[in-house]
There are 4 protein chains.
Amino acid sequence: MKKNKPKYRQIIDAAVIVIAENGYHQAQVSKIAKQAGVADGTIYLYFKNKEDILISLFQEKMGNFVEMIEEKIAGKETAAEKLLMMVETHFNILSDDPHLAIVTQLELRQSNKDLRLKINEVLKGYLSLVEQILSNGKESGEFSPTLDVRLARQMIFGTMDETVTTWVMNDQKYDITELAGPVHRLLLSGCQKQDN
Amino acid sequence: MKKNKPKYRQIIDAAVIVIAENGYHQAQVSKIAKQAGVADGTIYLYFKNKEDILISLFQEKMGNFVEMIEEKIAGKETAAEKLLMMVETHFNILSDDPHLAIVTQLELRQSNKDLRLKINEVLKGYLSLVEQILSNGKESGEFSPTLDVRLARQMIFGTMDETVTTWVMNDQKYDITELAGPVHRLLLSGCQKQDN
Amino acid sequence: MKKNKPKYRQIIDAAVIVIAENGYHQAQVSKIAKQAGVADGTIYLYFKNKEDILISLFQEKMGNFVEMIEEKIAGKETAAEKLLMMVETHFNILSDDPHLAIVTQLELRQSNKDLRLKINEVLKGYLSLVEQILSNGKESGEFSPTLDVRLARQMIFGTMDETVTTWVMNDQKYDITELAGPVHRLLLSGCQKQDN
Amino acid sequence: MKKNKPKYRQIIDAAVIVIAENGYHQAQVSKIAKQAGVADGTIYLYFKNKEDILISLFQEKMGNFVEMIEEKIAGKETAAEKLLMMVETHFNILSDDPHLAIVTQLELRQSNKDLRLKINEVLKGYLSLVEQILSNGKESGEFSPTLDVRLARQMIFGTMDETVTTWVMNDQKYDITELAGPVHRLLLSGCQKQDN
DNA sequence: GATGAATGAGCCTTCATTCAT
DNA sequence: CATGAATGAAGGCTCATTCAT
């Protein structure tokens, strides 16, 4: 399995750095290879083509993303607690890896439609997780029984995404982790009382 | 003023169509010129370069956007009504112009960082409008006095944006205008009750 | 029509020279462009891709080839005379254009199967001409009534081709036009007396 | 001597199959190694480089070719009989090994000039054999005393080559061995009566 | 003002060959 | 002897922009 060989991660990590520092359109394969400390051709022993690097990058980092959040919320009782943990983890991960934040929020969105469709495939896992928390909350009575799960999921994901993108666009110059609480409260009240 | 000459709008309208139908990366200047019925070189009599077409496109269409919303909410009393009108108008405009929806939600996001920074400049007018409604609501007592206007604005814009993007990604196959009411209620409860 | 513009022929003529002097695999597009005195990109205003240059080259030069032979044999009475004129013209044309001889006999044969199939399409016109002369000769009684036209055509074309290739491989250091008579006599006796 | 080791022939036979099935330009060293059941690097223990594989391939198969024909014509009295046996054997060998026919008639001709010059070195043995038969025929009075041996050799080789190539290009869908007789008669009459 | 032919910089990918094991 | 992971040079093609007419 190529994914377990050290050079696989080495190249993906190099890609994150190069894209973050140079931008998507200036991230030539040769630049990624140099950053990874391998020859250009070596890239193609681990990835089918340049697009495959980017898809794999997203899968590795976001697969990881979903896993980490799942672990974190496992011990939580209420949907509200799970939601808080999710927002916190989401913000923490991207706050801890400024390069990754730039790549996911800005650079990777410049990719063509095909790549973005594949990225969306990966995102589906995350969106499902959000909807699951919302459904749990409805069942337990924490959230309004009339809550539209799909819309609420779009609100939650849209709000987190917009919050992170604004932070990245402002050169990450404030502490986004401090926004987790306030954002959580905002989202929570939206879910709890949508119909009074 | 070049902006008042017929070919100026002709080229911008052609750009919307070409980008929507071919995608950002397949929207060559020559294709836009052909669609607009002018020679390639003529483009450069009205726009500094290709990026300038896209910035102007966004300015024209989103300036229009902000104006229309301002007109619509002018007669509304409460912040809640203004918010509803804004969501409705936002959804209506994009619902009425499928090409524009594709361009703003998907294609234009593939542009490079510089272009997106300029697009954000244009968006600031819209974001200010949202923040103004929120401030009005706080002053009138409709919204919680502790509401973080900046965060709430990110929630509102992020939710609307995510909702429209999801709709476009699903090939606009359902009626997004019907979602204005539910989305409005969701956002409203977030603003009203964030601190209970 | 692009084919009538001066740069079309200019590029084809440049291709013949570059391929003859550098070999098929060393005939880069940039080298052809330089020889033609145009920019690399200009090539692609006249040809779809590199392969298209080579196909067009062959079509132009061999179309010309067939036309010239047709003109020459038009006034000839007997099949024998036509055959002689054909061999003479075939040898003369390639003798007059040493670069073209190298390209057709050696370099263009290194192309891939697809290109060669298209080259063969062009050659069919020539092969038909040979078969037509043979059929005329059978009808007039000059050639044996049992002559297998297809085989005889292969003999004629194979012999001429082999003769020219040998001459090119020997660096064109003897006069191939002097071989037209002897080759003609050789081929003629093959056609006249195949069954005695 | 490396040539006597089993892997030497193993690699050459693999090369014939790979080139015939994939074409000259798709016959990568790694593909040949895989077909031969050895590692890529092993190739270079038996051959200096890729070109050396192809030259050796031609030497082995065509050396064999000449030997077989020499054996076959050894017992024949007249030049006409020898010529017939040669054409028959030539056609039979290639008819019996469809892969080899594709490689010699189509694929190997795509090689560069250097390789083809070396291939011609190998072919000289065959061409000498043809000329020897022709000289014998002149001495015995079977062939015209004025026959140009060099030209006649080009006719004979050119005709056989063109006949086989046409057969391969037509996907070997007819029986080429049946053409040996007719081709022989055609060539023979060319040699016997070239000056009447 | 309008044209459109011409420009030319820039990059992903392949694959023959090497060499540490 | 044998392996196969790693190397790195090399080129066809696109398209935003210019400028002579």
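Note that these values count all heavy atoms, side chains included, but never hydrogens, waters or copies made by symmetry. A note on names: the letters A, B, ... follow the listed sequences, proteins ahead of strands, and every chain is numbered from 1.
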Of all the base pairs, Watson-Crick or G-U under 3.5 Å, which form stems of three or more consecutive pairs involving DNA chain E? E:2-21 with F:2-21

When you check the phosphate oxygens OP1 and OP2 of F:dC15, does a side-chain N or O of B:K31 lie under 4.0 Å from one of them? no

Test: side-chain hydrogen bond (donor to acceptor under 3.5 Å, both in side chains). Region: residues 26-40 of chain C. Which pairs qualify, not counting sequence neighbours? C:Q26-C:Q28, C:Q28-C:K31

Pairs where residues 10-21 of chain C contributes a residue and the test salt bridge (charged side-chain N to carboxylate O under 4.0 Å, His left out) is met, not counting sequence neighbours: C:D13-C:K61

Please state how far atom CG in A:N22 lies from atom C1' in E:dC11, giving the value in whole angstrom units. 14 Å

Its contact letters, B for base, S for sugar-phosphate only and - for none at protein heavy atoms under 4.0 Å, make nucleotides 14-21 of chain E read BSSBB---

Give a yes or no on whether the backbone of A:A36 and the side-chain of A:Q10 come within a donor-acceptor separation of less than 3.5 Å. yes

With the threshold set at 4.0 Å, does a side-chain nitrogen-carboxylate oxygen contact exist between A:E121 and A:K124? yes

A:I32 CD1 - E:dC12 C1' separation (whole Å): 11 Å

So, B:N64 side chain and B:E60 main chain: donor-acceptor pair closer than 3.5 Å or not? no

Do C:I102 and C:I19 have side chains that get closer than 4.5 Å, going by heavy atoms? no

Scan residues 26-51 of chain C for pairs that pass ring pair (Phe, Tyr, Trp, His ring centres under 6.0 Å), counting only residues two or more places apart or in two chains. C:Y8-C:F47

Could you list the residues that satisfy side-chain contact (heavy atoms from CB on, under 4.5 Å) with D:V122, not counting sequence neighbours? D:F58, D:Q59, D:M62

In whole Å, I'd like the distance from the CD1 atom of C:I43 to the C1' atom of F:dC15. 16 Å

Below 4.0 Å: OP1/OP2 of F:dG4 and any side-chain N or O of D:K34: no

Atom pair distance, as rounded to whole Å: CD1 in C:I11 and C1' in E:dA6: 11 Å

State, with a plain yes or no, whether a side-chain heavy atom of A:L123 is found less than 4.5 Å away from one of A:N120. yes

Between E:dG1 atom P and B:K7 atom NZ, what is the distance in whole Å? 10 Å

So, does A:Y46 get its side chain near the phosphate of F:dA6, meaning an N or O under 4.0 Å from OP1 or OP2? yes

